[in-house]
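Notes to accompany the following structure.
Index from 1, following the sequence. Worth saying up front: this structure is predicted, and the values here are computed from it rather than measured.
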Amino acid sequence: MTTDRPADPRARWAYLSQSERDAAYDVVTAVKNSAELSAERNAASAIARATLRSELDLAYGPRHKAKIDLYPAAKPEAPCLVFWHGGYWQKNSRELFAALVEGIAAHGWSVAIAGYSLAPEVTLTDIVAESRAALDWLAAHGPEHGIAGPVVTSGWSAGGHLVAMTLDHPVVAAGLSIAGVFELGPLRDTFLNAALRLTDTEIASLSPLRLPPVDKRLDLAYGTNELPALVLDSRDLHARRAAVGAPGRLLPLAGHDHFSILAELRRPDGALVQAARELIG
């Protein structure tokens, strides 16, 4: 594992221009082929949703996007991977990530992809509450849909943040966060806040790096070609957790960026599929 820390743009935050602050979190611009990677994933997801054994669009809450897609394994007692998508809590939807099902499903797992409402229609407080409501629903209704095994949560980018924010939920056995965002304070000074409208209270109460670590296993993955702010969020959260003995690994994936890293969750032999499987002893 590399011990080199990238330079943190937030160390000089007060001296950065608006464009420099925006660039620190602009994952789309940072990855030149991000549009092509997303388009391929979206197309593959449409095929997966149409062909895999599934129960789709199940409402877990009152809002339009508060729905969950289930992909039950052959055995109800099989482990279930719950996945939250990314998009800085303001774009994308669960339908665009069905391509991630087949990697872990090849090992006999169930998968649940939980949607959530987006900013600015709702606040980040609302989004975190919805993610917990999705887990409440799965605990109560999963068995009637063939999902009754241990639950591992995973998510990418904004979804990685939701993994950390729901790790304490009673149904969750362990978490795998992928390129997560764990310190919200700087986001208020970037283009992202036009939709998020973060409050002081939200920054304090919804930043995992400011909260007491949960004593459940949380693996933190990121690509070595990721933006420094996101690399450091994962590294710093891992260090904070390790300092108090909270279990979990830091998983830097060589050569991957913010978008290419999802390939490791799509393939049965992918590094993130293996990591998820290792979370269930």
task: Would you please indicate if the ring centroids of Phe83 and Trp156 are separated by under 6.0 Å?
output: no
task: Examine Leu227 and Trp13 and state if one hydrophobic cluster contains both, with Ile, Leu, Val, Met, Phe, Trp and Tyr joined whenever side-chain heavy atoms are less than 4.5 Å apart.
output: yes
- request: Indicate whether the side chain of Thr199 and that of Thr201 have a donor and an acceptor atom separated by less than 3.5 Å.
  value: no
Arg41 side chain to Ala99 backbone, donor-acceptor under 3.5 Å: no
- prompt: Are the side chain of Asn193 and the backbone N or O of Leu187 linked by a donor-acceptor pair below 3.5 Å?
  reply: no
message: I want to check a possible cation-pi pair here: Arg53 against Tyr71, using under 6.0 Å from ring centre and within 45° of the ring axis as the test.
response: no
- request: Decide whether Asp136 and His169 meet the rule of one side-chain donor and one side-chain acceptor closer than 3.5 Å.
  value: yes
Lys/Arg N to Asp/Glu carboxylate O, Arg235 vs Asp8, below 4.0 Å: no
Distance-only side-chain donor-acceptor flag, Glu130 / Ser117, under 3.5 Å: yes
Common cluster, Leu176/Val214, ILVMFWY with side-chain heavy-atom separation under 4.5 Å: yes
field: Shortest non-hydrogen separation from Leu279 to Arg217 and the atoms involved
entry: CD2-NE, 3.1 Å
query: With the threshold set at 4.0 Å, does a side-chain nitrogen-carboxylate oxygen contact exist between Glu102 and Arg266?
result: no
message: I'd like to know whether the aromatic ring centres of His161 and Trp84 sit less than 6.0 Å apart in this structure.
response: no
field: Thr190 (side chain) donor-acceptor with Leu192 (main chain) under 3.5 angstrom
entry: yes
- prompt: Donor-acceptor pair, Gln274 side chain versus Ala271 backbone, under 3.5 Å?
  reply: no
- request: Output yes when a side-chain donor or acceptor of Gln90 lies under 3.5 Å from a complementary backbone atom of Tyr88, and no otherwise.
  value: yes
- prompt: Are Leu118 and Ile68 linked, directly or through other ILVMFWY residues, by side chains that come within less than 4.5 angstrom of each other?
  reply: yes
query: Are the side chain of Glu55 and the backbone of Leu70 linked by a donor-acceptor contact shorter than 3.5 Å?
result: no
field: Nearest heavy-atom neighbours spanning Pro72 and Gly146
entry: CB-O, 4.2 Å
message: Can you confirm whether Ser154 sits close enough to Val82 that some side-chain heavy atom of one is under 4.5 Å from a side-chain heavy atom of the other?
response: no
Where Lys67 and His64 come nearest, the two heavy atoms and their spacing: NZ-O, 2.7 Å
query: Salt-bridged, Arg94 to Asp57, with N to O below 4.0 Å?
result: yes
- request: Scan side-chain atoms only and decide if Asp126 and Thr123 contain a donor-acceptor pair under the 3.5 Å cut-off.
  value: yes
Lys/Arg-Asp/Glu bridge criterion (N-O < 4.0 Å) met for Lys216, Asp168: no
query: Do the side chains of Ile113 and Ile47 join up, straight or via other hydrophobic residues, at under 4.5 Å, putting them in one cluster?
result: no
field: Carboxylate-amine/guanidinium contact Asp236 Arg5, below 4.0 Å
entry: yes
message: Distance alone, cut at 3.5 Å: any donor-acceptor contact between the side chains of Arg277 and His107?
response: yes
message: I'd like to know if the side chain of Tyr116 reaches the main chain of His85, judged simply by a donor and an acceptor atom lying under 3.5 Å from each other, with no hydrogens or angles considered.
response: yes
task: For the residue pair His258 and Ser34, confirm or rule out a side-chain donor-acceptor distance under 3.5 Å.
output: no
- prompt: Is a side-chain N or O of Arg188 found less than 3.5 angstrom from the main chain of Arg197, in a donor-acceptor match?
  reply: no
query: Between Pro150 and Ile280, what is the shortest heavy-atom contact and its length?
result: CB-CD1, 3.9 Å
Single-linkage hydrophobic cluster, 4.5 Å side-chain cutoff, Leu37 and Ile261 together: yes
query: Between Arg210 (side chain) and Leu184 (backbone), is there a donor-acceptor pair under 3.5 Å?
result: no
- prompt: Are Asn42 and Ser45 close enough that a side-chain donor and a side-chain acceptor fall under 3.5 Å?
  reply: no
message: So does Phe182 get a backbone contact from the side chain of Asp233, meaning a donor-acceptor N/O pair under 3.5 Å?
response: yes
- prompt: When rounded to the nearest 0.5 angstrom, what distance separates CG in Asp189 from CZ in Arg10?
  reply: 12.0 Å
